[in-house]
J.: 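Dropping a structure here in structure tokens format, bear with me for questions.
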Amino acid sequence: MNVTSYPCTLPDGSSADEYALAFERGAAQRLLIIPALFDEGHRMRRLCVDVMRRLDGSGIDCILPDLPGTNESKADLGTLALADWAAAASAAASHFGATHVLAIRGGGLIVPAGLPGWRYGPVKGASLLRTLIRARVLSSREAGREENGEGLLIEAQEHGIELAGYRLGAAMVQQLQAAQPNTELAEIEQDLLGGSPLWLRAEPDADPAQADALAAYLTMAMRG
């Protein structure tokens with residue numbers, strides 16, 4: 001496992017190098033994992049890494065890119081739109097020579113065109129947005145402030161908003177509201193993995209059995 005980087009273009013036309021976690025041995029089969037978005041990405045990261053380790057043991061290269069404006073990125077998230085994340089995912093796929101893609105949750109909204117693969121837990125952008133807004137309303141209520149979800153959404157579409165610690169610009173909100181998950185990829189059902197989805201848990205967690213099941217499925221599918 002190593003930390004590497006890939007180049008992508010930002011909205012102002014400048015180029016930036018974003019980090020990526022990679023298991024690379026020069027294998028012919030190379031899986032790009034597009035992470036879940038926002039706080040779900042933190043809850044799912046351990047599963048991603050555990051699956052990558054298992055696939056590496058099976059001789060499959062794996063890459064998990066950071067998206068601009070997240071983690072250690074120097075890009076200003078508030079200036080980015082969903083289209084910029086889609087462009088970054090495509091740049092990562094090209095840079096690393098991905099042969100397949102696994103899109104997790106909101107990652108299915110920014111899948112590079114032309115790659116075969118799978119979507120796990122696909123979700124509409126509007127649903128992600130509602131979940132984030134609902135969490136803010138509940139947090140505000142606990143702090144003694146009353147906020148209205150519909151009012152927040154209208155404000156967000158016009159001026160942007162901060163949700164779950166993420167400062168989202170109006171363009172990001174607008175594009176999320178309209179975004180639909182990729183339907184060309186085969187869907188991996190939760191029943192295949194067993195247990196409860198990690199994105200529903202209150203804190204980031206690990207589930208070795210789910211990682212085993214997902215890695216075994218991907219290995220068979222990529223070599224089938």
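For this chain, numbers begin at 1 and follow the sequence in order. Side-chain atoms are counted along with the backbone in the values below, which use heavy atoms only and exclude waters and symmetry mates.
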J.: Could you check whether any side-chain heavy atom of I63 comes within less than 4.5 Å of a side-chain heavy atom of L21, counting everything from C-beta outward?
T.: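 The answer is no; the side chains never approach within 4.5 Å.
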J.: Name the one of L64, I60, D56 that satisfies side chain to side chain contact (heavy atoms under 4.5 Å, CB included) with F23?
T.: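 With F23 as partner, side chain to side chain contact (heavy atoms under 4.5 Å, CB included) holds for just one option, D56.
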J.: Compare all side-chain heavy atoms of I34 with those of I104 and state whether any distance is below 4.5 angstrom.
T.: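 Answer no - side chains too far apart.
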J.: If we only count heavy atoms from C-beta on, is the V137 to L152 side-chain gap below 4.5 Å?
T.: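 When only atoms from C-beta onward are counted, L152 and V137 do touch, with a gap below 4.5 Å.
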J.: Do we see a donor-acceptor contact under 3.5 Å between the side chains of D12 and S14?
T.: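 Side chains of D12 and S14: pair found under 3.5 Å.
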J.: So R30 and H100, do their side chains get closer than 4.5 Å, heavy atoms only?
T.: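 Counting from C-beta outward, H100 and R30 never come under 4.5 Å.
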J.: Measure the shortest side-chain to side-chain distance between P68 and C8 over non-hydrogen atoms and say whether it is less than 4.5 angstrom.
T.: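 The answer is yes; the side chains approach within 4.5 Å.
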J.: Give the C-alpha distance, both sets of side-chain angles, the deciding distance and a yes or no for side chain to side chain donor-acceptor pair (under 3.5 Å) between Q29 and T99.
T.: CA-CA 6 Å; Q29 294 166 317; T99 60; over 6 Å; no
J.: Atom CG of D61 and atom CG of L55: how far apart are they, to the nearest 0.5 Å?
T.: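 Those atoms lie 10.0 Å apart.
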J.: Any ion pair linking R45 and D205 (charged N to carboxylate O, less than 4.0 Å)?
T.: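 Not counted as a salt bridge, because no side-chain N and carboxylate O are separated by less than 4.0 Å.
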J.: I want to check something: taking the side chain as every heavy atom from C-beta on, are Q175 and L109 in contact at a cut-off of under 4.5 Å?
T.: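 Not in contact.
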J.: Begin with the C-alpha distance, continue with both residues' side-chain angles, and end with the deciding distance and a verdict on side-chain contact (heavy atoms from CB on, under 4.5 Å) for L153 and Q177.
T.: CA-CA 9 Å; L153 179 58; Q177 183 69 8; 4.0 Å; yes
J.: Check L115 against A98 and note the closest heavy-atom contact, atom names and distance.
T.: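 Scanning both residues, the minimum pair turns out to be CD2-O, 3.3 Å.
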J.: Check the pair D84, T9 against side-chain contact (heavy atoms from CB on, under 4.5 Å), reporting the backbone distance first and the verdict last.
T.: CA-CA 8 Å; D84 299 309; T9 302; over 6 Å; no
J.: If I compare all heavy atoms of P112 with all of A89, which pair ends up nearest, and what's the gap?
T.: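 In terms of heavy atoms, the two residues are closest at CG-O, 3.6 Å.
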J.: Give, for atom CH2 of W85 and atom CG of L82, the distance between the pair rounded to the nearest 0.5 Å.
T.: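 CG of L82 is found 7.5 Å from CH2 of W85.
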J.: Do any N or O atoms from the side chain of Q174 and from the backbone of Q157 form a donor-acceptor pair under 3.5 angstrom?
T.: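 Yes, because the side chain of Q174 sits within donor-acceptor range (under 3.5 Å) of the backbone of Q157.
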J.: So how far is it from R105 CZ to L128 CG, rounded to the nearest 0.5 Å?
T.: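 Interatomic distance, R105 CZ to L128 CG, rounded to 0.5 Å: 6.0 Å.
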J.: Would a hydrophobic clustering, with Ile, Leu, Val, Met, Phe, Trp and Tyr connected at side-chain separations under 4.5 Å, put L80 with L132?
T.: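 Yes; tracing contacts between hydrophobic side chains, which count when under 4.5 Å, links both residues.
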J.: Considering only heavy atoms from C-beta outward, does the side chain of R119 approach that of I188 to under 4.5 Å?
T.: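 R119 vs I188: side chains apart.
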J.: Holding to salt bridge (Lys or Arg N to Asp or Glu O under 4.0 Å), I want the full list of residues that pass it with E162, two or more places apart in sequence or in another chain.
T.: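 Salt bridge (Lys or Arg N to Asp or Glu O under 4.0 Å) check on E162 returns nothing, list empty.
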J.: Quick check on salt bridge (charged side-chain N to carboxylate O under 4.0 Å, His left out): which of R201, R46, R43 does D207 satisfy it with?
T.: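 Testing D207 for a salt bridge (charged side-chain N to carboxylate O under 4.0 Å, His left out) against R201, R46, R43 leaves exactly one candidate, R201.
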J.: Are the side chain of T70 and the backbone of D66 linked by a donor-acceptor contact shorter than 3.5 Å?
T.: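 Checking the backbone N and O of D66 against the side chain of T70, no donor-acceptor pair under 3.5 Å is found.
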J.: OG1/T79 to CZ/R167 distance, rounded to the nearest 0.5 angstrom?
T.: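 So the gap between those two atoms works out to 12.0 Å.
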J.: Please determine whether the number of non-hydrogen atoms from other residues, nucleotides or ligands lying under 6.0 Å from atom CD of E158 exceeds 12.
T.: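 Enclosed: over 12 neighbouring heavy atoms sit under 6.0 Å from CD of E158.
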J.: Rounded to the nearest 0.5 Å, what separates atom OG1 in T4 from atom CG in D17?
T.: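 Reported value, rounded in 0.5 Å steps: 9.0 Å.
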J.: Do other residues, nucleotides or ligands put more than 12 heavy atoms under 6.0 Å from the CZ atom of R223?
T.: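 Yes, CZ of R223 has more than 12 neighbouring heavy atoms, counting only those of other groups under 6.0 Å.
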J.: Between G106 and V123, what is the shortest heavy-atom contact and its length?
T.: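 Where G106 meets V123 most closely, the heavy atoms are N-CG1, 3.6 Å.
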J.: Just wondering, do W118 and E187 contact through their side chains at under 4.5 Å, heavy atoms?
T.: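 SC-SC contact between E187 and W118 ruled out.
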J.: Examine M220 and V101 and state if one hydrophobic cluster contains both, with Ile, Leu, Val, Met, Phe, Trp and Tyr joined whenever side-chain heavy atoms are less than 4.5 Å apart.
T.: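 Different clusters: M220 never reaches V101 through Ile, Leu, Val, Met, Phe, Trp or Tyr contacts under 4.5 Å.
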J.: With clusters defined by side-chain heavy atoms of hydrophobic residues (ILVMFWY) lying less than 4.5 Å apart, directly or transitively, does Y6 cluster with Y19?
T.: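 Different clusters: Y19 never reaches Y6 through Ile, Leu, Val, Met, Phe, Trp or Tyr contacts under 4.5 Å.
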J.: Nearest 0.5 Å please: distance from the OG atom of S5 over to the CD atom of E72.
T.: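 Going from the OG atom of S5 to the CD atom of E72 covers 13.5 Å.
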J.: In sequence, state the C-alpha distance, the side-chain angles, and the governing distance for Q210 and D50, and then conclude on side-chain contact (heavy atoms from CB on, under 4.5 Å).
T.: CA-CA 9 Å; Q210 290 195 32; D50 287 346; over 6 Å; no
J.: Hydrophobic cluster membership, with links at side-chain heavy-atom distances under 4.5 Å among I/L/V/M/F/W/Y: are L193 and L102 in one?
T.: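 They do share one cluster, since a chain of ILVMFWY contacts under 4.5 Å joins L193 to L102.
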J.: If Ile, Leu, Val, Met, Phe, Trp and Tyr residues are connected whenever their side-chain heavy atoms lie under 4.5 Å apart, and connections chain through other members, are M44 and I110 in the same group?
T.: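 M44 and I110: separate clusters.
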J.: Given 3.5 Å as the limit, does a donor-acceptor pair link the side chain of Q190 with the main chain of G194, or not?
T.: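 Yes; at least one donor-acceptor contact below 3.5 Å.
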J.: Which atoms form the tightest heavy-atom contact between G59 and A27, and what is the distance?
T.: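 Scanning both residues, the minimum pair turns out to be O-CB, 3.3 Å.
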J.: Would you say T219's side chain and A215's backbone share a donor-acceptor pair under 3.5 angstrom?
T.: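 Yes, the answer is positive, given that a donor and an acceptor are paired below the 3.5 Å cut-off.
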J.: Less than 6.0 Å separating the ring centroids of W199 and Y120?
T.: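 Yes, the ring of W199 comes within the 6.0 Å limit of the ring of Y120, centre to centre.
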J.: Looking only at heavy atoms, what is the nearest atom pair of A75 and S73, with distance?
T.: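 Answer, listing the atom of A75 first, then S73: N-OG, 3.1 Å.
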J.: Under the salt bridge (Lys or Arg N to Asp or Glu O under 4.0 Å) rule, collect the residues that match up with E147, sequence neighbours excluded.
T.: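 E147 satisfies salt bridge (Lys or Arg N to Asp or Glu O under 4.0 Å) with R136 only.
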J.: Of all the heavy-atom pairs spanning P116 and L185, show the shortest one and how long it is.
T.: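 P116 and L185 have their closest heavy atoms at C-CD2, 4.2 Å.
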J.: Counting distance only, does the side-chain N/O of N182 pair as donor-acceptor with the main-chain N or O of E184 below 3.5 Å?
T.: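 Here the side-chain-to-backbone pair exists.
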J.: Apply side-chain contact (heavy atoms from CB on, under 4.5 Å) to the pair R54 and D212, showing each step before the final yes or no.
T.: CA-CA 7 Å; R54 288 157 171 77; D212 286 344; 2.5 Å; yes
J.: Is Y166 atom OH crowded by more than 12 heavy atoms from other residues, nucleotides or ligands, each under 6.0 Å away?
T.: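 Yes - once you tally the heavy atoms of other residues, nucleotides and ligands closer than 6.0 Å, there are more than 12.
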